Number of protein chains: 2
Amino acid sequence: MKNAVFVALADPMRRQLLERLAMGPTTATGIADRFPVTRQAVVKHLGALEVAGMVAKERHGREVHYRLQSAPLGEASAWLTSLSARWEQRLLRLKRYVEEES
Amino acid sequence: MKNAVFVALADPMRRQLLERLAMGPTTATGIADRFPVTRQAVVKHLGALEVAGMVAKERHGREVHYRLQSAPLGEASAWLTSLSARWEQRLLRLKRYVEEES
DNA sequence: TTCATGTGCAACTCAACAGTTGCACATCAG
DNA sequence: CTGATGTGCAACTGTTGAGTTGCACATGAA
């Protein structure tokens, strides 16, 4: 699942979709009007985001509204900070070790 | 540049490389011994990570050591948390609005 | 020098993905 | 019902990237 999140985040268009969805739910057609791509392209991207759990569909009549799901974003962010923290901690240990030597 | 970071993070092998590099610098050959892939594959992945600024090369004799650069990880994480925060804030505003109505 | 090890470059295959187009189906307004 | 709008599904093209292989070059050790 985590993999699907990072795969989804790899595409610039999908990141733009996330930025747009952060302002509120929308339909694929509404998005396609403001982007230089087909509605089908938008639908596919939203599908990838849905597989990653970053977006949820909601049908109202004949319209399908997509809304952001922030949980996966938090998980991805947490993994990144954890990785960075492990490295920084290692640098800190090395620094202490060098200072101890002198 | 941000795009290269997310593209680099999209591959499971590269994320494993980052995990490995968080424990300390290594060579491509050393990594290839512990992974079921060719050295060349590792070199290519490390190249992608280098383009993204997440890894730095350092030559010692005939060996090339790769070490983690944590800055881009922090930037990527910051973007994710910012996006999530914007959405959460919007939900909060909506909640306040609804409570005000009643 | 000679050999082994580590690296760099280039070409190739294979699979996955972005984006498009065309058409069918569903839903709302008149 | 009729037309307009929104959506879903499928097939197709073009491109990108992962991984491999082969060979040449550089460096350290005997």
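This structure is a prediction, so every number in the text was calculated from the model and none was measured. Proteins come first, then strands; the chains are lettered A, B, ... in the order of their sequence lines, and each starts at number 1.
- Side-chain atoms of Arg62(A) come within donor-acceptor range of the base of dT5(D), with a qualifying N/O pair under 3.5 Å.
- Look at CG on Leu49(B): it is 14 Å from P on dG17(D), rounded to the nearest Å.
- A distance of 4.5 Å separates CG in Asn3(B) from CZ in Arg15(A), rounded to the nearest 0.5 Å.
- For a distance-only test at 3.5 Å, the side chain of Arg39(A) qualifies as a donor-acceptor partner of the base of dG8(D).
- Contact of Lys44(A) with dG19(C) (side chain to base): a donor-acceptor pair of N or O atoms is detected under 3.5 Å.
- If you take CD of Glu63(A) and P of dC25(C), they are 22 Å apart, rounded to a whole angstrom.
- Residues Met13(A) and Val42(A) share a hydrophobic cluster, clusters being chains of Ile/Leu/Val/Met/Phe/Trp/Tyr side chains in contact below 4.5 Å.
- Contact of the Val55(A) side chain with the Arg67(A) side chain is not registered, since no non-hydrogen atoms from C-beta on lie closer than 4.5 Å.
- To the nearest angstrom, P of dG17(D) lies 17 Å from CZ of Phe6(B).
- Between dA18(C), dT20(D), dT21(C), one nucleotide has an atom nearer to the side chain of Thr38(B) than all others, and that is dT20(D).
- Non-hydrogen atoms lying under 4.0 Å from DNA chain D are contributed by nothing in residues 15-33 of chain B.
- For the 3.5 Å distance criterion, the side chains of Ser77(A) and Thr81(B) fail to qualify, holding no donor opposite an acceptor.
- Closest contact between the side chain of Val64(A) and the listed nucleotides dG8(D), dG19(C), dA18(D) involves dG8(D).
- Counting only heavy atoms from C-beta on, Gln40(A) has its side chain closest to dT20(C) among dT20(C), dA18(D), dG8(C).
- Looking at Glu75(A) and Lys2(A), no side-chain N of the basic residue comes within less than 4.0 Å of a carboxylate O on the acidic one, giving no salt bridge.
- Listed for the Arg86(B) side chain is no donor-acceptor partner under 3.5 Å among the backbone atoms of Ala22(A).
- Taking atom CE of Met13(B) as the reference point, atom P of dG17(D) lies 17 Å away to the nearest angstrom.
- For the pair His60(A) NE2 and dC28(C) C1', the interatomic distance rounds to 16 Å; values are reported in whole Å.
- Taking atom CG of Asp11(A) as the reference point, atom C1' of dG17(D) lies 14 Å away to the nearest angstrom.
- Between the NE2 atom of His45(B) and the P atom of dG8(C) there is a distance of 16 Å, given to the nearest Å.
- For Ala41(B), the listed nucleotide lying nearest its side chain is dG19(D); candidates were dC9(C), dG19(D), dG8(D).
- Judged purely by atom type and a 3.5 angstrom limit, Thr27(A) uses its side chain to pair as donor or acceptor with the backbone of Gly30(A).
- Side-chain proximity of Arg59(B) to the nucleotides dG8(C), dA18(C), dG8(D) is greatest for dG8(C).
- For Leu46(A) and dC9(D), the CG to P distance is 14 Å, given to the nearest whole Å.
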